[in-house]
Amino acid sequence: MNYILIDKDTIKRRVQDLGRQISNDYSDCEIHMIVLLKGSFIFASDLIRELTPNVRVEFMKLSSYDGQNSSGQIKIDQDLDCDIHNKHVLIVEDIVDTGLTLNTLLDVLHQRKPASIEICSFLDKPSRREAPVNVKYIGFAIENVFVVGYGMDYCQMWRQCPDIRVIDDH
Ligand code: IMP
Ligand code: MG
């Protein structure tokens with residue numbers, strides 16, 4: 001079975017809310033947004049248009065050494081091409097699952113001495129957490145189901161779906 005968990009109008013309203021909240025929190029500084037490829041590209045492109053502070057957009061691509069299973073061994077496939085020293089960094093992620101990816105990434109980025117780092121994730125699956133990660137901005141918390149759409153994929157499919165769908169035949 002395959003059904004809509006979050007429809008596109010609900011997504012739109014929530015992204016507007018997040019945009020207001022983040023704009024308020026960063027009203028006196030520039031945001032160095034780090035968009036984690038590929039899954040968060042649609043969320044980030046909607047979110048950025050709801051932000052009033054100046055936003056610099058950078059991309060990183062991370063992967064897990066053992067493919068599908070999160071191992072905590074994170075490989076940087078594409079790094080930043082800018083210096084984040086003394087900058088206010090906002091990481092934009094599609095979904096936090098075990099937390100292993102972001103936990104490792106935070107260690108890497110903290111070594112570069114930014115002024116601050118916060119995370120904005122469109123979805124969160126708190127019941128799956130294995131590594132602690134403080135996610136300041138969360139679009140929606142969901143149960144332990146596999147979702148696709150709004151940039152998220154299963155085997156590189158479904159990213160273009162405008163709603164979040166649960167697929168249990170994956
Ligand atoms: P983790 O938090 O290190 O376990 O990994 C999170 C990453 O796993 C996300 O950025 C997604 O790429 C992927 N992921 C986890 N759950 C889902 C899902 O339900 N659908 C699509 N991708 C997912
Ligand atoms: Mg991701």
Side-chain angles (χ1 to χ4, degrees), residues 1-8 10-12 14-15 18-19 22 31-48 51 55 57-81 84 89-111 114 117-170:
M1 206 180 58
N2 175 329
Y3 59 91
I4 293 177
L5 183 68
I6 309 170
D7 67 64
K8 61 178 191 252
T10 308
I11 292 173
K12 186 172 183 186
R14 185 68 189 121
V15 174
L18 284 171
I22 293 168
I31 300 173
H32 280 243
M33 180 182 281
I34 300 179
V35 179
L36 300 186
L37 297 172
K38 301 177 188 172
S40 58
F41 80 106
I42 292 179
F43 173 46
S45 67
D46 282 347
L47 180 66
I48 193 174
L51 297 177
V55 186
V57 184
E58 304 291 339
F59 299 93
M60 282 184 91
K61 188 165 188 298
L62 309 171
S63 60
S64 184
Y65 277 117
D66 62 355
Q68 293 283 73
N69 301 312
S70 288
S71 59
Q73 299 296 307
I74 301 305
K75 188 158 67 74
I76 298 179
D77 296 329
Q78 182 186 318
D79 205 340
L80 299 173
D81 54 13
I84 57 168
V89 170
L90 181 64
I91 298 170
V92 176
E93 175 62 306
D94 52 358
I95 181 165
V96 189
D97 187 34
T98 63
L100 292 167
T101 305
L102 283 174
N103 184 279
T104 307
L105 178 63
L106 285 173
D107 283 348
V108 171
L109 295 181
H110 275 303
Q111 288 167 22
I117 306 187
E118 298 293 352
I119 298 167
C120 177
S121 183
F122 179 64
L123 296 179
D124 183 21
K125 286 188 203 173
S127 66
R128 293 262 305 159
R129 203 71 92 249
E130 291 175 25
V133 48
N134 180 27
V135 186
K136 183 165 185 182
Y137 307 102
I138 295 170
F140 302 92
I142 62 169
E143 301 296 316
N144 181 19
V145 286
F146 196 86
V147 292
V148 294
Y150 200 56
M152 284 169 278
D153 73 309
Y154 170 64
C155 293
Q156 303 300 325
M157 293 182 298
W158 298 93
R159 289 193 199 278
Q160 78 274 24
C161 176
D163 313 290
I164 294 293
R165 300 189 77 96
V166 172
I167 54 167
D168 58 9
D169 52 356
H170 70 277

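Each ligand, and each atom within it, is numbered from 1 in the order the structure gives. This chain uses plain numbering: 1 for the first residue, then up along the sequence.
K12 and D46 are not joined by a salt bridge, as no carboxylate oxygen comes within less than 4.0 angstrom of a charged side-chain nitrogen. Electrostatic pairing of D163 and K8 does not count as a salt bridge here, judged by no charged N lying under 4.0 Å from a carboxylate O.
Residue contact annotation: V145 has a non-hydrogen atom under 4.0 Å from ligand 1. Under a 4.0 angstrom heavy-atom cut-off, D153 registers as being in contact with ligand 1.
Each of the following atoms of ligand 1 lies closer than 4.0 Å to a heavy atom of G99: 1 (P), 2 (O), 4 (O). Here is the list of ligand 1 atoms found below 4.0 Å of a heavy atom in T101: 1 (P), 3 (O), 5 (O). Set against the non-hydrogen atoms of K125, the atoms of ligand 1 under 4.0 Å away are 16 (N), 17 (C), 18 (C), 19 (O). Ligand-side atoms of ligand 1 in range of D94: 9 (C), 10 (O), 11 (C), 12 (O), range being under 4.0 angstrom from any heavy atom. With ligand atoms numbered from 1 in the order given, ligand 1 contributes 10 (O) to contacts under 4.0 Å with heavy atoms of E93.
Looking at D77 and S63, their side chains do bring a donor and an acceptor atom within 3.5 Å of each other. For the 3.5 Å distance criterion, the side chains of D7 and T10 qualify, holding a donor opposite an acceptor.
Below 3.5 Å of separation, one finds no N or O of F146 facing any N or O of ligand 1.
For the side-chain contact (heavy atoms from CB on, under 4.5 Å) with S40, the qualifying choice from L47, I34, V35 is V35, the only one to do so.
Distances from the Mg ion (ligand 2) to each N, O or S atom of D94 single out OD1 as the nearest. Of all N, O or S atoms in E93, the one lying closest to the Mg ion (ligand 2) is OE1.
Ring pair F122/F140 is perpendicular by interplanar angle, where above 60° counts as perpendicular and below 30° as parallel.
When N144, T98, D124 are ranked by how near their heavy atoms come to atom 1 (P) of ligand 1, first place goes to T98.
Minimum interatomic distance between Y154 and F146 (heavy atoms only, all atoms of both residues): CB-CE2, 3.9 Å.
Heavy atoms of V148 found under 4.0 angstrom from ligand 1: none, in either backbone or side chain.
At a threshold of 4.5 Å between non-hydrogen side-chain atoms, the residues I11 and I164 count as touching.
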